[in-house]
Q: 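This is the structure I want to talk about, given as structure tokens.
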Amino acid sequence: MYASLSILSGICLGLFLYPYLFYPLSLMLMRAKPLDDNGTGALPSASLLFCAYNEERALPTKLRNLEAIKALHPEIHILAYSDMSSDRTLELLLSRPDLLTVVRSTERTGKATGMRRMVAQATTDICIFTDANVTLDPASISPLLGYFRNPSVGGVSGKLMYVNDDESVTANVGGLYWRLEESIKSLESHCGSTMGADGSIFATRRALYPEVPPHLLDDMTVSLSVLFNGLRLISAPDVIAYERNTTDSSEEFRRKRRIACRAFNTHRHLWPQIAAHLPAIDIYKYGAHKLLRWFGAPLLGMGIIALTAALISSDNYSWAAALWLAGATGLALGRVIKIRPFSTVTEILFSITATFIGITDSLRGRTYQTWAPAKSRD
């Protein structure tokens with residue numbers, strides 16, 4: 001009994017760690033697939049699209065950033081969707097007809113609908129997708145578009161950098177997680193394609209844009225559709241975006257839960273295409289990068305319970321009690337007293353828990369269509 005429970009515990013804890021430790025190591029062992037020369041011809045035409053809901057605090061910085069982009073690329077077409085904002089978002093957007101085209105909504109629709117409406121108005125070769133609270137390095141536009149000279153490239157995922165990691169434990173953990181995510185995307189791209197792109201900064205060929213149901217993640221659906229069309233989705237280290245992270249733990253918990261629910265709903269919608277169109281190596285990447293992460297909380301829980309049962313079965317009651325006492329003490333030091341590194345560990349555990357609750361929301365049929373900006377981000 002002890003041996004069986006110990007093995008079960010090891011399997012569960014190994015699967016829990018796999019996306020963060022063993023999966024990146026496996027990517028390092030894969031054969032590189034370098035891109036062919038992108039050439040030196042004219043850059044493809046491009047539109048830059050973003051949705052905004054109650055973003056009046058972020059828009060002054062965003063508009064200045066768009067001015068800098070336009071100064072370098074006057075030919076770029078910028079579209080902004082105001083999703084029935086109740087503050088001065090629409091007013092600020094309409095004040096700059098020289099800079100962008102406003103697509104206004106007459107009802108709350110959500111980001112997926114807003115993006116679809118803007119793509120329908122775009123006439124360019126490439127659509128660059130970003131967020132209202134994100135600023136782009138203006139010098140990134142040329143290399144981003146340059147990748148599309150290569151006919152094998154259907155999408156490009158940029159590199160997002162959070163600028164306020166030192167403001168709270170929540171922001172610090174979010175930044176740490178995202179640096180790992182960017183590293184994994186880079187490794188995935190090195191040997192083929194990344195398994196999706198983040199909505200803060202990515203681009204695809206306009207002709208590849210799919211139909212996106214309003215309750216699904218548009219960035220996940222749109223970016224994975226590149227792979228369904230037999231093209232590569234690559235990670236570009238020279239395409240840089242900047243964003244402030246959420247600093248409040250409660251807001252981050254709700255955000256993680258909402259995103260996870262939408263992501264798993266998107267997974268269920270896309271799975272038939274994933275199974276039918278992706279090669280085995282990409283299905284492996286998808287499972288290791290996404291599926292195992294989504295179920296991290298139950299894997300960790302089962303690993304700890306199996307380890308406890310193994311200790312009890314071998315009459316090591318004191319060790320079993322010590323295991324749970326150490327866990328409870330660590331949670332108290334991290335969550336109540338907020339002592340590092342315990343607070344960092346508890347924040348990670350809360351994030352993993354929020355993700356799994358979002359998965360259970362999806363399995364129970366819940367959907368999220370609209371969004372609101374996190375107040376602690378400003």
Side-chain angles (χ1 to χ4, degrees), residues 20 50-62 65 83-89 92 108 110-111 130-135 160-182 198-201 217 219-220 241-264 293-294 296-297 300 327-362 366-378:
Y20 312 102
F50 66 94
C51 293
Y53 172 73
N54 286 358
E55 292 282 8
E56 68 170 316
R57 287 175 290 183
L59 278 178
T61 300
K62 182 72 172 182
N65 182 235
D83 194 20
M84 277 296 289
S85 299
S86 58
D87 63 0
R88 295 179 59 245
T89 293
L92 290 170
R108 285 300 308 276
K111 184 181 176 183
T130 186
D131 291 329
N133 63 307
V134 170
T135 57
L160 175 64
M161 301 178 67
Y162 286 111
V163 298
N164 62 329
D165 286 5
D166 59 345
E167 291 186 5
S168 73
V169 174
T170 300
N172 183 263
V173 169
L176 177 66
Y177 169 83
W178 198 253
R179 288 191 292 275
L180 174 62
E181 176 71 7
E182 292 288 3
D198 178 70
S200 57
I201 174 59
L217 286 177
D219 48 7
M220 182 176 173
Y242 302 95
E243 183 179 1
R244 286 181 56 83
N245 210 341
T246 308
T247 59
D248 180 78
S249 182
S250 297
E251 281 193 326
E252 181 66 2
F253 189 95
R254 291 191 295 270
R255 189 182 76 91
K256 288 280 190 182
R257 177 178 179 175
R258 171 175 55 83
I259 291 174
C261 178
R262 298 187 71 199
F264 202 69
R293 285 194 194 185
W294 290 334
L300 177 61
T329 302
L331 286 174
L333 291 173
R335 197 66 187 174
V336 180
I337 307 178
K338 300 186 183 302
I339 298 175
R340 294 191 181 188
F342 300 102
S343 58
T344 298
V345 174
T346 56
E347 193 68 35
I348 292 172
L349 293 175
F350 266 66
S351 177
I352 293 169
T353 302
T355 295
F356 183 64
I357 291 175
I359 301 303
T360 62
D361 285 342
S362 170
R366 185 169 183 175
T367 62
Y368 294 85
Q369 182 169 328
T370 58
W371 82 103
K375 295 180 180 179
S376 68
R377 184 197 69 196
D378 300 316

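These figures come from a predicted structure and were not determined experimentally.
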Q: Keeping to residues at least two apart or across chains, list the salt bridge (charged side-chain N to carboxylate O under 4.0 Å, His left out) pairs with something in residues 348-360.
A: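 Found none.
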Q: What's the spacing between Tyr162 OH and Thr246 OG1 if we round to 0.5 Å?
A: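 Result: 7.5 Å between the selected atoms.
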Q: side-chain contact (heavy atoms from CB on, under 4.5 Å) with Ser351: which residues, sequence neighbours excluded?
A: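 In terms of side-chain contact (heavy atoms from CB on, under 4.5 Å), with neighbours along the sequence ignored, Ser351 is linked to Lys256.
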Q: So, for Ala263 and Trp294, which heavy atoms are closest and what is the spacing to 0.1 Å?
A: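 In terms of heavy atoms, the two residues are closest at CB-CZ2, 3.9 Å.
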Q: Establish, from distance only, whether the side-chain atoms of Asn54 and Ser86 form a donor-acceptor pair under 3.5 Å.
A: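 A pair is found: one side chain offers a donor N or O, the other an acceptor, under 3.5 Å apart.
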Q: Please indicate whether Phe350 has more than 12 foreign heavy atoms, meaning atoms of other residues, nucleotides or ligands, lying under 6.0 Å from its CZ.
A: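 Atom CZ in Phe350 is not crowded, with 12 or fewer foreign heavy atoms closer than 6.0 Å.
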Q: Side chains of Asn133 and Glu55 only: does a donor on one sit below 3.5 Å from an acceptor on the other?
A: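 Not at all, the side chains of Asn133 and Glu55 share no donor-acceptor pair under 3.5 Å.
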Q: Dump the intermediate steps for side-chain contact (heavy atoms from CB on, under 4.5 Å) on Leu180 and Leu176, then the final yes or no.
A: CA-CA 7 Å; Leu180 174 62; Leu176 177 66; over 6 Å; no
Q: Quick check: closest heavy atoms across Leu217 and Ile259, and the distance to 0.1 Å?
A: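 So the minimum-distance heavy-atom pair works out to CD1-O, 4.0 Å.
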Q: Can you tell me how far apart CD (Glu347) and CZ (Arg340) are? Round to the nearest 0.5 Å.
A: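 Interatomic distance, Glu347 CD to Arg340 CZ, rounded to 0.5 Å: 10.0 Å.
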Q: Quick one: salt bridge (Lys or Arg N to Asp or Glu O under 4.0 Å) partners of Asp219, sequence neighbours excluded?
A: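 Partners of Asp219 by the salt bridge (Lys or Arg N to Asp or Glu O under 4.0 Å) criterion come out as none, since no residue qualifies.
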Q: Just wondering, do Ile348 and Thr344 contact through their side chains at under 4.5 Å, heavy atoms?
A: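 Thr344 reaches Ile348 side chain to side chain.
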Q: Would you confirm whether Thr130, through its side chain, and Ser200, through its main-chain N or O, come within 3.5 Å as a donor-acceptor pair?
A: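 Confirmed, Thr130 side chain pairs with Ser200 backbone.
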Q: From Leu59 CG over to Asn65 CG, what is the distance, rounded to the nearest 0.5 angstrom?
A: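 Spacing of CG (Leu59) from CG (Asn65) equals 11.5 Å.
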Q: Considering only heavy atoms from C-beta outward, does the side chain of Asp131 approach that of Lys111 to under 4.5 Å?
A: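 Result yes, sub-4.5 Å side-chain heavy-atom pair found.
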Q: Report the distance from atom CE of Met220 to atom CZ of Phe264, rounding to the nearest 0.5 Å.
A: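 If we round to the nearest 0.5 Å, Met220:CE and Phe264:CZ are 9.5 Å apart.
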Q: How about Ile352 and Phe356: do any of their side-chain heavy atoms sit closer than 4.5 Å?
A: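 No, too far: nothing below the 4.5 Å cut-off.
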Q: Within the side chain of Asn164, is there an N or O that forms a donor-acceptor pair under 3.5 Å with the backbone of Glu167?
A: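 Pair absent, no side-chain N/O of Asn164 close to backbone of Glu167.
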Q: For the atom pair CG (Asp165) and CG (Asn245), what is the distance rounded to the nearest 0.5 Å?
A: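 So the gap between those two atoms works out to 7.0 Å.
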Q: Under the salt bridge (charged side-chain N to carboxylate O under 4.0 Å, His left out) criterion, do Arg57 and Asp87 qualify, and how do the steps go?
A: CA-CA 10 Å; Arg57 287 175 290 183; Asp87 63 0; over 6 Å; no
Q: What are the two closest heavy atoms between Ser85 and Ala52, and how far apart are they?
A: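 Taking every non-hydrogen atom into account, OG-O, 3.5 Å.
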Q: Of all residues at least two apart in sequence or in a different chain, which pass the ring pair (Phe, Tyr, Trp, His ring centres under 6.0 Å) check with Phe253?
A: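 Residues passing ring pair (Phe, Tyr, Trp, His ring centres under 6.0 Å) with Phe253: none at all.
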Q: So which atom in Tyr53 and which in Asp83 form the shortest heavy-atom distance, rounded to 0.1 Å?
A: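 Shortest heavy-atom contact: CD1-O, 3.2 Å.
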Q: Ignoring hydrogens, what is the shortest heavy-atom contact between Gly358 and Ala260? Give both atom names and the distance.
A: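 The answer is CA-CB, 4.0 Å.
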Q: Got a sec, which residues hit side-chain contact (heavy atoms from CB on, under 4.5 Å) with Leu300, two or more places apart in sequence or on another chain?
A: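 Result, side-chain contact (heavy atoms from CB on, under 4.5 Å) vs Leu300: Leu13, Phe16, Ile304, Leu349.
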Q: Rounded to the nearest 0.5 Å, how far apart are CZ of Arg108 and CD of Gln369?
A: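 Spacing of CZ (Arg108) from CD (Gln369) equals 9.0 Å.
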Q: Report the residues that fulfil side chain to side chain donor-acceptor pair (under 3.5 Å) with Glu182, sequence neighbours left out, ordered by chain and then residue number.
A: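 Only Trp178 meet the side chain to side chain donor-acceptor pair (under 3.5 Å) criterion with Glu182.
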Q: Of all heavy-atom pairs between Tyr177 and Arg293, which one has the smallest distance, and what is that distance?
A: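 Heavy atoms of Tyr177 and Arg293 come nearest at OH-NH1, 2.7 Å.
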Q: Can any side-chain N or O of Arg257 pair as donor or acceptor with the backbone N or O of Ile357 at less than 3.5 Å?
A: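 A pair under 3.5 Å: no.
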